[in-house]
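Dumping the structure here so I can ask a few things about it.
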Protein chains: 2
Amino acid sequence: MEEVLAYLNSIYPISEEAINYIMENLKEIEIPKKEFILKEGRICYNIYFVKKGLLRCYYIKDDKEISAWFMKETDIIFSVESFLNQVPSRENIQAIEDCTLYFIEYAELQYLYHQCAEFNFVGRVLTEKYYQLSEERLYSLRMQKAAERYNFIMNHFPQIILRVPSKYIASYLGITEETLSRIRAFKMNGLTKNCK
Amino acid sequence: MEEVLAYLNSIYPISEEAINYIMENLKEIEIPKKEFILKEGRICYNIYFVKKGLLRCYYIKDDKEISAWFMKETDIIFSVESFLNQVPSRENIQAIEDCTLYFIEYAELQYLYHQCAEFNFVGRVLTEKYYQLSEERLYSLRMQKAAERYNFIMNHFPQIILRVPSKYIASYLGITEETLSRIRAFKMNGLTKNCK
């Protein structure tokens, strides 16, 4: 639990009241690989912090899975529309490694925001961080070809490239696994040439 | 200026200190149609509130303009990555009607966040609002066909359909103006049939 408090406190010093409330209400949960923390149609009641493991968020379109993003250690996870408005989710969130997560419930987070004004500083900064990531994905989807999008992930989120199965990365990029293999081969050749 | 304060105060009661600081530092500016408040390569130093008028945000890709979104009365505008990190912007923001805007500078907003803890409540809620909108556009871009995306704008942002020139809406949807005309004609026929 200390890592969550240290992480929040590194953004802005949080009060003893907030620390006590978090320690009383934060729960730890083990999620085995392939299990879900959210399914389409259900309400996202919790906000999660990843202590260990890797998860993916995806939609289903015409019976096909479309990966939306991947979340790993120290990431915060929630289905944005579903959690913030407490309405049914359009997305699924599934563990793709065995995971250890911390979570608190929607009502508990709202209590913190209303009781501890300074906790909104932390909430604002974290929301800004994930808002930026969302805008980055929008820019990437609108403006970049699959190979450029792959490079962006490799440069900024190398853990994803190393740990996420190819089929999910291909689905995120909107390409087949064969095309992804060609992009990877091209990249490897390019890197080998640069090393000569 | 009262409309800005009333808007912020409707989200969470802000302190007299915050009100005084905003009144001292908020500036009003007139932006004639076609003028820019941000150009690619420049840093977004200000955050704007639209009192009157309409603006568009767009990128340039292979000499073509790609509309990213449209902002109207009571919307808050800033280039997310550029403003939050004070780095050069990848996007352009241009008035497409004569506009009256209010704005404060990045450093002034940070001062507010550090001096008035409760102002972070307002900032968090507004960031959540625009984060949701960003995720909605991502979902739309990944999962919906142009006609569905048009319907979404018509149902949720009818002012955009009424006021934004067709060429910009077509560019947002990633289609030609001719295809947009066909979607509109189809929609009108559908509506006429429903009224019989």
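Numbered from 1 within each chain, the chains take letters A, B, ... in sequence-line order. Please read all numbers here as calculations on a predicted model, not as lab measurements.
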Test item: Arg137(B) side-chain N/O and Leu138(A) main-chain N/O as donor-acceptor pair under 3.5 Å: no
Pairs flagged by ring pair (Phe, Tyr, Trp, His ring centres under 6.0 Å) wherever residues 59-87 of chain B is involved - sequence neighbours left out: Tyr139(A)-Tyr59(B), Trp69(B)-Phe157(B), Trp69(B)-Tyr172(B), Phe78(B)-Phe83(B), Phe83(B)-Tyr106(B)
Same apolar cluster (I L V M F W Y, side chains within < 4.5 Å links), Phe49(B)/Ile31(B): yes
More than 12 heavy atoms from other groups under 6.0 Å of NZ on Lys167(A): no
Side chain, backbone, both or neither of Asp62(B) within contact of chain A (heavy atoms, under 4.5 Å): neither
ILVMFWY network linking Leu55(A) to Tyr7(A), side-chain heavy atoms under 4.5 angstrom: yes
Region of Tyr12(B) that comes under 4.5 Å of a non-hydrogen atom in chain A: side chain
Path from Leu109(B) to Ile76(B) over hydrophobic side-chain contacts below 4.5 Å: yes
Arg90(B) bridged to Glu135(A) by N-O distance under 4.0 Å: no
Structural part of Ser67(A) lying under 4.5 Å from a heavy atom of chain B: backbone
Contacting moiety of Leu133(A), where chain B heavy atoms sit under 4.5 Å: neither
Distance-only side-chain donor-acceptor flag, Thr127(B) / Glu128(A), under 3.5 Å: no
Tyr113(A) and Phe121(B) aromatic ring geometry - parallel, tilted or perpendicular at 30°/60° bounds: perpendicular
Val50(A)-Ile29(A) co-clustered via ILVMFWY side chain contacts under 4.5 Å: yes
Residue pairs, two or more places apart or on separate chains, that pass side chain to side chain donor-acceptor pair (under 3.5 Å) and touch residues 95-104 of chain A: Glu30(A)-Thr100(A), Glu97(A)-Arg163(A)
Test item: side-chain donor near acceptor, Gln132(A) and Asn85(B), under 3.5 Å: yes
Side-chain (Arg142(B)) to main-chain (Ile66(A)) donor-acceptor, under 3.5 angstrom: no
